[in-house]
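Source: prediction; values computed, not measured.
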Amino acid sequence: GKFPSLITHTDDMGDKVADIRGTIKFQLKKVLCLNVAVGNVGLTEDEVTANIVLAVNFLVSLLKKHWQNVKSLNIKSTMGKPKRIY
């Protein structure tokens, strides 16, 4: 879920809603597996690719040992089989 966000009287509500909808939250607890939504059916192949690259690079930048902490990366559609990309 999304946390409540402050809107001042000078902020445009439509821009704020679009910004919140476009954000993702990485949340690791005790499991070592992470799932993130990076696209939808309305996006082009290039947009989905850009979202995947951006999400992976941001996640890796959060890790202490960067790519040394990543064992594998898989991409999967809702009903499709997973494909290993790293």
**Report entry** N/O donor-acceptor pair under 3.5 Å between Asn51 side chain and Val38 backbone
**Finding:** yes
Report task. For residues Val56 and Trp67, determine if any side-chain heavy atom of one lies less than 4.5 Å from a side-chain heavy atom of the other. Result -> yes
Query raised in the report: Honestly curious: do Leu43 and Val53 fall in one hydrophobic cluster under the side-chain, below-4.5 Å linking rule?
Result: no
Report task. Mind checking the NZ-CD1 spacing from Lys83 to Ile75? Nearest 0.5 Å is all I need. Result -> 11.0 Å
Query raised in the report: Roughly how far, to the nearest 0.5 Å, is the OG1 atom of Thr49 from the CG atom of Leu54?
Result: 12.5 Å
Query raised in the report: Does His66 offer a backbone N or O that forms a donor-acceptor pair with the side chain of Lys64 under 3.5 Å?
Result: no
Report task. Step by step, work out the side-chain contact (heavy atoms from CB on, under 4.5 Å) result for Ile85 and Ile52. Result -> CA-CA 10 Å; Ile85 59 174; Ile52 292 169; 4.3 Å; yes
Requested in this report: Write down the atom of Arg84, the atom of Ser72, and the distance for their closest heavy-atom approach.
Outcome: NH2-CB, 3.3 Å
Query raised in the report: Could you give the distance from CD (Glu47) to CG (Asn40), rounded to the nearest 0.5 Å?
Result: 9.0 Å
Query raised in the report: Around Lys71, counting heavy atoms of other residues, nucleotides and ligands shown, do more than 12 lie under 6.0 Å from its NZ?
Result: no
